[in-house]
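Here's the structure, in structure tokens; my notes come after.
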Amino acid sequence: MIIEVPTSSDFMTASLNSLNLAWSIIIQLHFELKNAKVSDWDSDGDVTDEYWQKSQAPLGNALILVQQGFELSLKSRIAAVSPYLLLSKDLRDWPASDKKDISFSDFRTIDSADLIKLHNSISADQLEPAFIERFDLIRKRRNQIIHHGKDRRPIQITELLEAILTCVARLAPSTRWMKQRSEYKNSDHFSVAYSSDHVSDELCSEAAAVIDLLGAAKLNFFFGFDKKARRYYCPSCARYSEADPYRTAHLRPNSSKSRTLFCMACDEIHEIQRQACAHPECKSNVISMDGTCLTCWDDQ
Ligand SMILES: [Zn+2]
Ligand SMILES: [Zn+2]
């Protein structure tokens, strides 16, 4: 009998872990360059180019994790129908049946290249050509790294961030990515060893980085965030920020009468009150419910 059969949710947990780890690698590389303030003196961009050249190995690892995330998410959806569909159909690939119980992990599973075909054969929700193309591209680039040591063309951080967000939006649509980041970081090894006090601050800087890196259409599609809207401090996130808080929120709806603010970092809607800020140099009238100006952070 086949024992230790993984469930759809086991595959999804593993997928989200891979995607989270890839995201952390990518964001960390972005932060290191920013914290070193290289752009202040690297006017011709040579050092920045060299930095990304030297970052290709960790970015290659991130790409492998992204491919793994796609693969595990597809397996999760197939396993929701039946995990046994994932086993190789060729009996010659099966382990010897001289034992009473055989673990699922001892069986050969179908090749990554066949996952889309299997998925679309059994699911009413057909994956569309653009998604299939993206999955194939990531899979081929991953194979290039595994079999030839590195990818033929440089890996860009924005394409990896977009690949992660596409995978989640299409294969795990109930997952809200910033909530997922919060959950992941609140229970990771750092939070166990120290505390999770740093998480809110880190999520704000992640959100600020993603706002800078992605275009308006992608931000709207993946996060419902309006890149062109005026930005405010989040009454919740900015309160827990240790350093300079980031402006990660905008009015939603984006109008002069609006009384609600959407924050990308915490992915929440916050009520606000409309009253003129008491600071003489601030013209804002967007104030938190407990009386802090969300433009200059002055207590009223
Ligand atoms: Zn917030
Ligand atoms: Zn103010």
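Because the structure is a prediction, the values reported are computed rather than measured. Counting convention: from 1, in listed order, for ligands and their atoms alike.
For Gln275, the side-chain hydrogen bond (donor to acceptor under 3.5 Å, both in side chains) criterion is met by no residue, not counting sequence neighbours.
Within the cation-pi definition used here (under 6.0 Å to the ring centroid, within 45° of the axis), Arg247 qualifies as a partner of Tyr233.
A donor and an acceptor atom, one from each side chain of His250 and Arg230, are nowhere located under 3.5 Å apart. There is no side-chain donor-acceptor pair under 3.5 Å between Asn186 and Ser191. Judged purely by distance below 3.5 Å, without hydrogens or angles, the side chains of Ser103 and Glu4 pair a donor atom with an acceptor atom. Using a 3.5 Å distance cut-off with no hydrogens or angles, the side chains of Gln156 and Trp52 do not pair a donor with an acceptor. If you check the side chains of Thr292 and Arg239, you find a donor sitting under 3.5 Å from an acceptor.
With the Zn ion (ligand 2) as the vertex, SG of Cys282 and SG of Cys277 span 110° to the nearest 10°.
Here Cys293 reaches the Zn ion (ligand 2): one of its N/O/S atoms is less than 2.8 Å from the metal.
Counting only protein atoms, the N, O or S atoms lying less than 2.8 Å from the Zn ion (ligand 1) are Cys234 SG, Cys237 SG, Cys263 SG, Cys266 SG, ordered by chain and residue number.
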